[in-house]
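Written below as structure tokens is the structure these notes are about.
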Amino acid sequence: MRRPLVAGNWKMHGTRASVTELIEGLSQQVLPADIDVAVFPSSLHIAQAVQGLSGKAVKVGAQDCAAQVEQGALTGELATSQLVDVGCEFVLVGHSERRLILGESDEAVVRKFAAVQAAGLIPVLCLGETREQREANTTLDVVGGQLAAVIDALGVESLSGAVVAYEPVWAIGTGLTATPEQAQEVHAAIRAQAAHFDAGVAAGLRILYGGSVKAASAAELFGMQDIDGGLVGGASLNADEFGAICRAAGN
Ligand code: 13P
């Protein structure tokens with residue numbers, strides 16, 4: 001059985017004061033014991049979140065990292081060893097906002113994925129198609145290609161212990177959620193692609209859905225066979241809403 005994971009991506013939001021408030025709100029949530037929960041604050045607020053959530057069942061991750069473990073002369077970047085040092089357990093890799101707005105290539109994503117694992121952290125590899133790509137019926141090719149970049153470079157074993165997040169770009173921050181059936185189709189294809197190389201790795205791979213997940217839509221999405229939790233943006237900035245999404249993932 002795969003243990004569900006609900007992750008909150010806070011993106012470029014928050015001040016010290018609002019993060020304090022959000023942490024307090026999260027600390028009061030009743031969270032299911034049979035799922036993992038993680039939040040991804042901005043880099044500025046990672047340490048604050050690690051400290052504020054210590055002793056709680058909420059882990060902390062980073063939204064991005066450098067493509068190297070070692071510290072060094074790379075202005076503005078964060079080495080994965082530094083993320084370990086500050087108390088991170090996860091790192092988002094290849095979020096569509098970084099791929100599409102900041103021009104992050106598959107090659108860069110692969111290097112970051114490797115650096116995350118080399119540091120002993122868990123990568124959350126984000127995949128997803130744009131609206132144009134979906135309308136052109138190329139969704140499975142696009143997502144499959146993004147996944148293949150990692151499998152080809154690092155081997156399917158690299159997915160063992162990793163997390164994949166399917167986030168259709170057209171559903172991010174738009175209020176448009178993929179239907180459970182649309183999401184399930186892509187999740188099943190991702191798992192089948194991994195199973196082609198290693199059935200055991202595929203069976204254990206957690207595949208999260210992201211894109212306008214709300215408490216109202218979570219239970220139906222998480223009820224699908226190959227959806228193992230969610231990567232939540234906007235709704236994760238509200239502790240009560242995020243808590244309700246987490247509870248929808250519990251048994
Ligand atoms: P929204 O939940 O705001 O659509 O964002 C999804 C996302 O990009 C999470 O990484």
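Indexing begins at 1, ligand by ligand and atom by atom, following the structure's order.
- For Thr130 (side chain) and Val169 (main-chain N/O), no donor-acceptor pair under 3.5 Å exists by modelled atom type.
- Of all the atoms in ligand 1, the ones that sit under 4.0 Å from a non-hydrogen atom of Ala171 are 4 (O).
- In this structure, atom 2 (O) of ligand 1 lies nearest to the protein heavy atom Gly233 N, 2.9 Å.
- Inspection of the Gln225 and His187 side chains reveals no N or O donor paired with an N or O acceptor under 3.5 Å.
- Close approach of ligand 1 to Glu167 (heavy-atom distance below 4.0 Å) involves ligand atoms 6 (C), 7 (C), 8 (O), 9 (C), 10 (O).
- Between the side chains of Gln63 and Arg98, no donor-acceptor pair of N or O atoms lies under 3.5 Å.
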Run the side-chain hydrogen bond (donor to acceptor under 3.5 Å, both in side chains) check on Gln28 and Asp240 step by step: do they pass? CA-CA 9 Å; Gln28 284 158 19; Asp240 290 334; over 6 Å; no
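- Checked by distance only, ligand 1 and Thr174 stay at 3.5 Å or farther apart across all their nitrogen or oxygen atoms.
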Using distance only, find each side-chain donor-acceptor pair of residues 142-159 under 3.5 Å and give its atom names and separation, not counting sequence neighbours.
{"unit_1": "Gln146", "atom_1": "OE1", "unit_2": "Gly128", "atom_2": "N", "d": "2.9"}
{"unit_1": "Gln146", "atom_1": "NE2", "unit_2": "Gly128", "atom_2": "O", "d": "3.4"}
{"unit_1": "Ser158", "atom_1": "OG", "unit_2": "Gly155", "atom_2": "O", "d": "2.7"}

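- Under a 4.0 Å heavy-atom criterion, Lys11 is in contact with ligand 1.
- With hydrogens left out, the protein atom closest to atom 3 (O) of ligand 1 is Gly234 N, 2.8 Å, a heavy atom.
- Val186 and Val164 fall within a single hydrophobic cluster, where Ile, Leu, Val, Met, Phe, Trp and Tyr are joined by side-chain heavy atoms under 4.5 Å apart, directly or via other members.
- Ligand 1 has no atom lying under 4.0 Å from any heavy atom of Ala235.
- Annotation for ligand 1: atoms under 4.0 Å from non-hydrogen atoms of Ser212 are 1 (P), 2 (O), 4 (O).
- Arg247 contributes no side-chain N or O that, together with a main-chain N or O of Leu31, makes up a donor-acceptor pair within less than 3.5 Å.
- Side-chain polar atoms of Tyr166 and Glu129 form a donor-acceptor pair below 3.5 angstrom.
- Here's the thing with Leu231: none of its N/O atoms is less than 3.5 angstrom from an N/O atom of ligand 1.
- Within ligand 1, the atoms closer than 4.0 Å to a non-hydrogen atom of Gly173 are 1 (P), 3 (O), 4 (O), numbered from 1 in the order shown.
- Close N/O approach between Glu97 and ligand 1 is not found [any backbone or side-chain N/O within under 3.5 Å].
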